[in-house]
J.: 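Got a structure for you, written out below as structure tokens; questions coming shortly.
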Amino acid sequence: MITLSDGTSMPVIDGSVHIFFASNDDMRGFLREPYKSRGIPDAELDWYGAPGGEYAEGTRGPSRGYPGSDPDVVGEQLFETRGVDVAILHPMTRGILPDRHLTTAMLSAHNEMMVGRWLDSGAYASRYRGTIRVNPEDTPGALREIRRWADHPGVVQVGVPLQSRELYGKPQFWPLWEAAAEAGLPVAAHIETGESIAFPPTPSGHTRTYEQYLGFMSLNYVYHLMNMIAEGVFERLPRLRFVWADGAADLLTPFTWRMDTFGRPHLEQTPWAPRMPSDYLPGHVFFVHGSLDGPGDTEWASEWLGFTGKEDMVMFGSSYPHWHCANVDVLPSTLTTQQREKICWRNAAQLYGIDVPAGLVSE
């Protein structure tokens with residue numbers, strides 16, 4: 001529960017909390033042979049590094065472990081200091097490795113760590129919800145992970161890397177989306193830390209600076225989303241929900257207008273997706289909104305959020321423990337109370353099936 005500058009109080013669901021192994025040795029403790037002895041990129045092997053450091057001060061765990069690796073440290077900072085009520089965990093992994101079997105083994109290790117260390121034990125276990133990581137380049141392995149964890153009460157989401165080497169609307173991914181939809185789990189696409197063999201962050205290659213990378217990278221969701229709509233994925237799977245977990249809802253409205261402009265006279269070319277592109281957004285498409293998104297505290301922020309139904313798609317996410325991790329006070333002051341509630345908790349509670357105690361909610 002947080003109290004805003006206008007004196008109103010409301011619950012908070014943090015839709016993007018990044019968790020890590022404490023060290024490479026810690027990670028290998030969850031791997032089995034032959035993968036345990038393999039060469040694996042370090043968790044912090046990025047193409048770009050933030051000039052002032054990747055993580056916020058004071059987020060490292062005991063013994064200088066990676067930030068975001070200790071459930072008690074994270075819980076104390078989120079729940080006791082920041083006023084968060086429930087946190088959606090997203091394990092950060094090594095991207096897509098050349099060996100798809102190694103990638104799947106790595107993701108399975110992350111899932112075991114998250115469930116055992118965060119969801120099933122510790123003082124804050126009841127306030128954590130988890131994202132299981134799957135490998136989109138290994139369909140059998142991905143389906144196995146979904147079957148393994150789908151019934152766990154703390155698992156609320158399936159996670160894939162934004163830097164896929166193919167667009168997510170293509171048929172090779174359909175069995176994965178079908179399995180997620182059948183399990184009632186949204187799919188979240190998130191930028192990875194160790195990129196490995198993923199494509200460059202822009203269609204024209206690598207940017208020169210971290211600032212350019214940060215400004216562009218999350219917009220890769222546009223290509224996936226347009227392709228998923230054109231390929232009829234949401235028409236074919238009406239229960240599928242997709243979360244673009246690195247924000248960039250900023251660009252949704254102009255791209256939606258553009259998709260509709262070109263889609264209107266060409267619907268006969270996609271009989272498997274007979275509706276206007278924008279018709280596939282409500283109930284299917286969601287965004288995690290952090291400190292880097294939106295127009296800022298402007299007088300027209302509320303109107304902007306209402307364009308193309310964004311107010312029903314956007315969920316607050318701190319991106320803890322990264323340098324830009326934010327509290328909900330980054331939200332514009334000109335938002336309506338209803339819009340603020342949707343971003344802070346209502347949209348996430350509905351998407352993930354989270355019961356917010358009645359005492360925290362003012363109807």
J.: Has Ser319 got a side-chain atom pairing as donor or acceptor with His324's backbone, closer than 3.5 angstrom?
T.: no
J.: Would the number of heavy atoms belonging to other residues, nucleotides or ligands and lying under 6.0 Å from CD of Glu33 be above 12?
T.: yes
J.: If you define the side chain from C-beta out and look only at heavy atoms, does anything of Val243 sit under 4.5 Å from Leu351?
T.: yes
J.: Holding to side chain to side chain contact (heavy atoms under 4.5 Å, CB included), I want the full list of residues that pass it with Thr334, two or more places apart in sequence or in another chain.
T.: Asp297, Ala301, Pro332
J.: Judged by atom type as modelled, is there a donor-acceptor pair below 3.5 Å linking the side chain of Asp26 to the main-chain atoms of Ala22?
T.: yes
J.: Applying side chain to side chain donor-acceptor pair (under 3.5 Å), can you list everything that pairs with Gln172, at least two apart in sequence or on another chain?
T.: none
J.: Does any donor atom in the side chain of His18 or Ser16 lie under 3.5 Å from an acceptor atom in the other side chain?
T.: yes
J.: Keeping the roles fixed (side chain from Gln339, backbone from Thr336), state whether a donor-acceptor pair exists under 3.5 Å.
T.: yes
J.: Return yes if some donor-acceptor pair links the side-chain N/O of Asp85 with the main-chain N/O of Ile13 below 3.5 Å, else return no.
T.: no
J.: Between Lys170 and Glu231, does any side-chain N to carboxylate O distance fall below 4.0 Å?
T.: no
J.: Is a donor on one side and an acceptor on the other found under 3.5 Å between the side chain of Arg60 and the backbone of Glu57?
T.: no
J.: Considering only heavy atoms from C-beta outward, does the side chain of Asp99 approach that of Arg38 to under 4.5 Å?
T.: yes
J.: Should Thr253 and Thr308 be marked as a side chain to side chain donor-acceptor pair (under 3.5 Å) after you check the CA-CA gap, both sets of side-chain angles, and the distance that decides it?
T.: CA-CA 6 Å; Thr253 294; Thr308 52; 2.7 Å; yes
J.: Do Glu166 and Glu137 touch side chain to side chain, with heavy atoms closer than 4.5 Å?
T.: no
J.: Any side-chain to backbone donor/acceptor pair from Asp138 onto Thr104? Under 3.5 Å, distance only.
T.: no
J.: Decide yes or no for Asp70 and Val74: does some side-chain heavy atom of the first lie under 4.5 Å from some side-chain heavy atom of the second?
T.: no
J.: Compute the ring centroids of Tyr55 and Phe20, then answer whether they are less than 6.0 Å apart.
T.: yes
J.: Between atom CZ of Phe173 and atom CD of Glu178, what is the distance when rounded to the nearest 0.5 Å?
T.: 13.5 Å
J.: So, do Asp312 and Lys342 sit near enough that their side-chain heavy atoms are less than 4.5 Å apart?
T.: yes
J.: Counting only heavy atoms from other residues, nucleotides and ligands, does the tally under 6.0 Å from CD of Gln338 exceed 12?
T.: no
J.: Do the side chain of Arg241 and the main chain of Gly184 share a donor and acceptor less than 3.5 angstrom apart?
T.: yes
J.: Taking the ring centre of each residue, are His289 and Phe316 less than 6.0 Å apart?
T.: no
J.: Quick check: do Val17 and Tyr320 have side-chain heavy atoms less than 4.5 Å from each other?
T.: yes
J.: Side chains of Leu119 and Val155: closer than 4.5 Å at any heavy-atom pair?
T.: yes
J.: Please examine the side chains of Pro203 and Phe216, heavy atoms only from C-beta on, and report whether any two atoms are closer than 4.5 Å.
T.: yes
J.: Is the backbone of Val84 close enough, under 3.5 Å, to the side chain of Arg127 for a donor and an acceptor to pair up by distance?
T.: yes
J.: Check whether more than 12 heavy atoms from other residues, nucleotides or ligands sit under 6.0 Å from atom CD of Glu80, and answer yes or no.
T.: yes
J.: Looking at Asp14 and Arg82, is there a salt bridge between them, counting it only when a charged N and a carboxylate O are closer than 4.0 Å?
T.: no
J.: Distance-only criterion, 3.5 Å: show the donor-acceptor pairs between side-chain atoms of residues 217-226 and protein atoms not counting sequence neighbours.
T.:
from, atom 1, to, atom 2, distance (Å)
Asn220, ND2, Pro201, O, 3.1
Asn220, ND2, Met217, O, 2.8
Tyr221, OH, Ala248, O, 2.9
Tyr221, OH, Leu252, N, 3.3
His224, ND1, Tyr168, N, 3.1
His224, NE2, Leu162, O, 3.0

J.: Quick one: does Ser69's side chain have a donor or acceptor within less than 3.5 Å of a partner on Tyr66's backbone?
T.: yes
J.: Could you tell me which residues satisfy side chain to side chain donor-acceptor pair (under 3.5 Å) with Trp257, sequence neighbours excluded, listed by chain and number?
T.: none
J.: Test your reading of the model: is there a side-chain donor-acceptor pair from Asn111 to the backbone of Ile132, 3.5 Å cut-off?
T.: no
J.: Give the intermediate values and the outcome of side chain to side chain donor-acceptor pair (under 3.5 Å) for residues Gln77 and Thr59.
T.: CA-CA 8 Å; Gln77 294 191 1; Thr59 55; 5.9 Å; no
J.: For Arg236, does the CZ atom have more than 12 heavy-atom neighbours from other residues, nucleotides or ligands under 6.0 Å away?
T.: yes
J.: Taking ring pair (Phe, Tyr, Trp, His ring centres under 6.0 Å) as the cut-off, I'd like each qualifying pair that reaches into residues 136-165, sequence neighbours left out, listed once.
T.: none
J.: How about Tyr213 and His206: are their ring centres within less than 6.0 Å of each other?
T.: no
J.: Under 4.5 Å between side-chain heavy atoms, counting indirect links through other Ile/Leu/Val/Met/Phe/Trp/Tyr residues: same cluster for Phe242 and Ile229 or not?
T.: yes
J.: Using a cut-off of 6.0 Å, state whether more than 12 heavy atoms not belonging to Arg148 lie near its atom CZ.
T.: yes
J.: In a check of salt bridge (charged side-chain N to carboxylate O under 4.0 Å, His left out) between Arg133 and each of Glu192, Glu145, Glu112, which one passes?
T.: Glu192
J.: Got a sec, which pairs hit ring pair (Phe, Tyr, Trp, His ring centres under 6.0 Å) with one end in residues 68-92, sequence neighbours left out?
T.: Phe79-Tyr124, Phe79-Tyr128, His90-His190
